[in-house]
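The structure appears right after this line, and notes come after that.
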Amino acid sequence: MAASARLRARMIWLHRSIAIIGGLILLLWGASGLIHVSMSMFGPQPAKFFPPQRAIDLSSAKPLEAILAEAGVARAAAVKVIVGEGETLLQVTETQDAARRYFRLADGAELANHDARHAVFLARYSTGAETEPVQAMTRVTAFSDAYPAVNRLLPVYRVEFDRPDRLTAYVYTETNALASLTNRRQAVLLTAFQWIHTWSWMPKPLEGLRVVLMAAGLVTLILMAVSGLVMLALIRRGAPAPGVRGWHRIAGYVLWLPILALAGSGLFHLIVHSGPDGGRTLTLSPPLELAGAAYPIQARWAEATRGLEVNSLSLVQSATGGWFYRLALAGDRSHGPQGHHEMRHARFDGRPRQGEVVYLDAATGAPWAGGDRAYAIELGERFTRVGRKQIEDVSVVTGFGEGYDFRNKRLPVWRLDYGAPVNAAVYVDTASGVLADVTPDAARPELASFAYAHKWGFLAPLGRDVQNITIGAVVSLCLILMGVMGLKMDLKRRGKARGRARK
């Protein structure tokens with residue numbers, strides 16, 4: 001009994017000692033969590049989910065090798081035929097950060113400074129802002145509070161439309177993708193969330209201090225939850241406490257677990273991701289050596305693609321040196337997402353934006369038996385520099401989830417599960433020949449913790465709306481019943497103590 005009484009006294013002392021700090025931290029981080037829920041549920045959504053689509057026909061095109069040779073392109077990270085505004089174009093990515101170059105297929109003429117114009121076309125197409133004037137356009141080469149590292153893609157173009165809501169699209173031209181979409185309201189909420197929830201306002205040289213202070217705040221919340229739980233277990237009352245104290249105690253029986261889960265997973269996430277983080281895993285393949293190579297498929301295009309509706313084309317090179325055309329066929333758009341609700345779910349849950357994939361020998365037009373799976377394995381070997389014998393499993397990813405989430409904005413991708421010495425899941429995009437993401441085996445506990453204890457992914461089967469509404473409701477109860485009422489009780493107690501001291 002004496003030990004129990006001492007433990008109870010210590011927990012009461014600890015709970016009261018950190019009540020004001022813990023209460024304020026709970027209010028700040030809880031409120032910023034509600035901001036995130038609001039952004040997720042009510043943020044602007046694109047008008048079109050699928051990228052621009054047009055059947056590609058190379059039968060009358062100038063040979064690609066001639067276009068590249070005349071333009072002096074001897075090495076390139078990616079060579080693709082893409083759907084542009086009003087015509088199909090040859091797109092060349094020479095380096096990861098350079099503006100992409102564009103050429104007309106009919107005569108090989110280069111369209112000067114076309115990457116920015118292509119970005120405007122994609123922004124208009126994706127947002128439905130076909131007629132609104134563009135107020136400002138800038139090329140973004142670094143992450144910021146306005147375009148945080150969670151977006152993963154760089155460089156992008158920021159296209160702001162001249163309209164009351166200041167609709168702004170961030171466009172990644174290599175994949176004809178919308179990297180991010182925001183407006184005046186969303187931008188204000190994002191800034192508030194970044195400043196309150198992640199303390200992005202602190203200068204980079206003070207990163208260590210930011211981590212220490214945030215960790216101290218999270219530990220305070222954890223101690224509040226643990227000490228409160230112990231008090232509930234050790235303090236027995238014959239009748240419910242009156243007023244605010246009673247509601248606070250009743251809420252404690254239920255809300256200690258959400259607070260502990262959110263604070264504990266937040267602390268785990270903070271520690272794992274502390275320090276420099278560029279937020280950019282995306283890596284292009286080593287440059288293709290294009291000089292002297294020929295890709296004479298134009299003359300046989302009609303025969304080679306008979307019955308196929310080709311929507312995009314990439315030039316790829318196998319490990320043995322052979323050149324292939326990777327043809328992405330048009331996907332089924334008959335059941336595409338419509339409206340704000342469906343579009344939001346499609347963006348966050350993920351859905352492939354293309355159909356089947358066919359590989360044709362660039363010299364003969366014959367199908368390549370290896371196909372997408374074989375090329376994905378070759379990409380894995382290039383990026384890891386480890387042989388395929390270390391690959392334990394190969395699978396195609398067609399939706400976002402734990403390990404590969406919506407931040408990557410690329411689907412489908414191939415997942416290669418490596419054993420030693422890599423010990424990671426490697427995700428590659430065969431359409432562009434890029435390393436999309438890497439998830440080390442050692443990072444999976446933190447990913448699971450953040451997905452299920454912080455974002456409550458266990459509710460995902462019930463729908464994203466149920467997940468967001470449940471989190472929002474529970475956090476709101478924590479703010480009112482634990483934060484506000486707890487602070488009110490503590491301030492009242494301190495006021496009484498000061499009054500007794502004066503006497």
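Keep in mind that the numbers below use all heavy atoms, side chains included, and drop hydrogens, waters and symmetry copies.
- A donor-acceptor pair is defined here as one N or O able to donate and one able to accept, closer than 3.5 Å; no such pair exists between the side chain of H454 and the backbone of A261.
- For R185, the side chain to side chain contact (heavy atoms under 4.5 Å, CB included) partners are S38, F42, N183, L189, not counting sequence neighbours.
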Discussion item. Walk me through whether L487 and L27 qualify under side chain to side chain contact (heavy atoms under 4.5 Å, CB included).
Written reply: CA-CA 10 Å; L487 283 172; L27 291 178; 3.6 Å; yes

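- Distance CD/Q186 to OG/S180: 8.0 Å, rounded to 0.5 Å.
- Between the Y418 side chain and the A425 main chain, no donor and acceptor come within less than 3.5 Å of each other.
- Applying the side chain to side chain donor-acceptor pair (under 3.5 Å) criterion to R124, with sequence neighbours excluded, gives no partner residue.
- Here T173 pairs with R100, D115 under the side chain to side chain donor-acceptor pair (under 3.5 Å) rule; sequence neighbours left out.
- Residues satisfying the side chain to side chain contact (heavy atoms under 4.5 Å, CB included) test with V212, not counting sequence neighbours, are none.
- E174 and S432 form a side-chain donor-acceptor contact under 3.5 Å, judged by distance and modelled atom types alone.
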Item to complete: Please step through side chain to side chain contact (heavy atoms under 4.5 Å, CB included) for the pair R373 and V394, ending with a clear verdict.
Response: CA-CA 8 Å; R373 187 180 189 277; V394 179; 3.6 Å; yes

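- Not one N or O on the side chain of N468 forms a donor-acceptor pair closer than 3.5 Å with the backbone of D465.
- Proximity of a side-chain donor or acceptor of W201 to a complementary backbone N or O of W195 within less than 3.5 Å is detected.
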Less than 3.5 Å apart, which donor and acceptor atoms pair up between the side chains of residues 9-17 and the rest of the protein, not counting sequence neighbours?
from, atom 1, to, atom 2, distance (Å)
H15, ND1, M224, O, 3.3
H15, ND1, S227, OG, 2.8
S17, OG, W13, O, 2.6

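- Distance check: W456 CH2 to L262 CG gives 6.0 Å after rounding to the nearest 0.5 Å.
- Between L34 and S476 the shortest side-chain heavy-atom distance falls below 4.5 Å.
- In this structure, Y427 and V397 have side chains that are in contact, with non-hydrogen atoms separated by less than 4.5 Å.
- Within the 4.5 Å cutoff, the side chain of S126 has no heavy atoms near those of the F49 side chain.
- Taking L234 as the reference, S4, L7, R8, V230 meet the side chain to side chain contact (heavy atoms under 4.5 Å, CB included) condition, with sequence neighbours excluded.
- Qualifying ring-ring contact (aromatic ring centres under 6.0 Å, His included) partners for Y157, counting only residues two or more places apart in sequence or in other chains: none.
- The structure places CE of M485 at 10.0 Å from CD1 of I250, a figure rounded to the nearest 0.5 Å.
- T93 places no side-chain N or O within 3.5 Å of a backbone atom of A77 that could act as its donor or acceptor partner.
- A salt bridge links D437 with R152: the closest approach of a Lys/Arg side-chain nitrogen to an acidic carboxylate oxygen falls below 4.0 angstrom.
- Applying the ring pair (Phe, Tyr, Trp, His ring centres under 6.0 Å) definition to pairs two or more places apart or across chains, none involves residues 460-481.
- Put simply, the side chain of S40 never gets that close to the backbone of H36: no donor and acceptor are under 3.5 Å apart.
- The cationic atom of K48 (NZ for Lys, CZ for Arg) lies less than 6.0 Å from the six-membered ring centre of Y125 and within 45° of the ring axis.
- Using a 4.5 Å cut-off on side-chain heavy atoms (C-beta onward), E378 and R388 make contact.
- With sequence neighbours left out, E446 forms a side chain to side chain donor-acceptor pair (under 3.5 Å) with H269, H273.
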Item to complete: Begin with the C-alpha distance, continue with both residues' side-chain angles, and end with the deciding distance and a verdict on salt bridge (charged side-chain N to carboxylate O under 4.0 Å, His left out) for R210 and E207.
Response: CA-CA 5 Å; R210 182 189 75 91; E207 171 65 11; 2.9 Å; yes

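- Put simply, the side chain of L190 reaches to within 4.5 Å of the side chain of M39, judged on heavy atoms.
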Item to complete: Might you work through the side chain to side chain contact (heavy atoms under 4.5 Å, CB included) test for V422 and Q390, ending with a clear yes or no?
Response: CA-CA 8 Å; V422 179; Q390 276 64 48; 5.9 Å; no

Fill in: Worked verdict on D429 versus R410 for salt bridge (charged side-chain N to carboxylate O under 4.0 Å, His left out)
CA-CA 7 Å; D429 176 13; R410 286 176 182 263; 2.5 Å; yes

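- Side-chain contact of D145 with T191: a donor-acceptor pair under 3.5 Å is absent, judged by distance alone.
- Between V434 and V428, the closest side-chain pair of non-hydrogen atoms is not below 4.5 Å.
- T175 is linked by a side chain to side chain donor-acceptor pair (under 3.5 Å) to nothing, counting only residues two or more places apart in sequence or in another chain.
- Side-chain contact between L181 and L178: present, with at least one pair of heavy atoms (C-beta onward) separated by less than 4.5 Å.
- Two residues are said to be in side-chain contact when any heavy atoms from C-beta on lie closer than 4.5 Å; L167 and E160 fail this criterion.
- In this structure V140 satisfies the side chain to side chain contact (heavy atoms under 4.5 Å, CB included) test together with T138, Y147, L154, V156, R158, Y170, sequence neighbours excluded.
- Rounding to the nearest 0.5 angstrom, the gap separating the CH2 atom in W199 from the CH2 atom in W29 is 5.5 Å.
- Under a 3.5 Å cut-off, the side chain of K409 and the backbone N or O of R407 do form a donor-acceptor pair.
- We find the CG-CG distance between L260 and L229 to be 8.5 Å, quoted to the nearest 0.5 Å.
- L270 contributes atom CG, which lies 11.5 Å from atom CZ of F268 (distance to the nearest 0.5 angstrom).
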Item to complete: Starting from the C-alpha separation in whole Å, work towards a yes-or-no answer on side chain to side chain contact (heavy atoms under 4.5 Å, CB included) for L411 and T398.
Response: CA-CA 6 Å; L411 284 175; T398 58; 5.6 Å; no

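- Among residues at least two apart or in separate chains, there is no side chain to side chain donor-acceptor pair (under 3.5 Å) pair with a member in residues 18-27.
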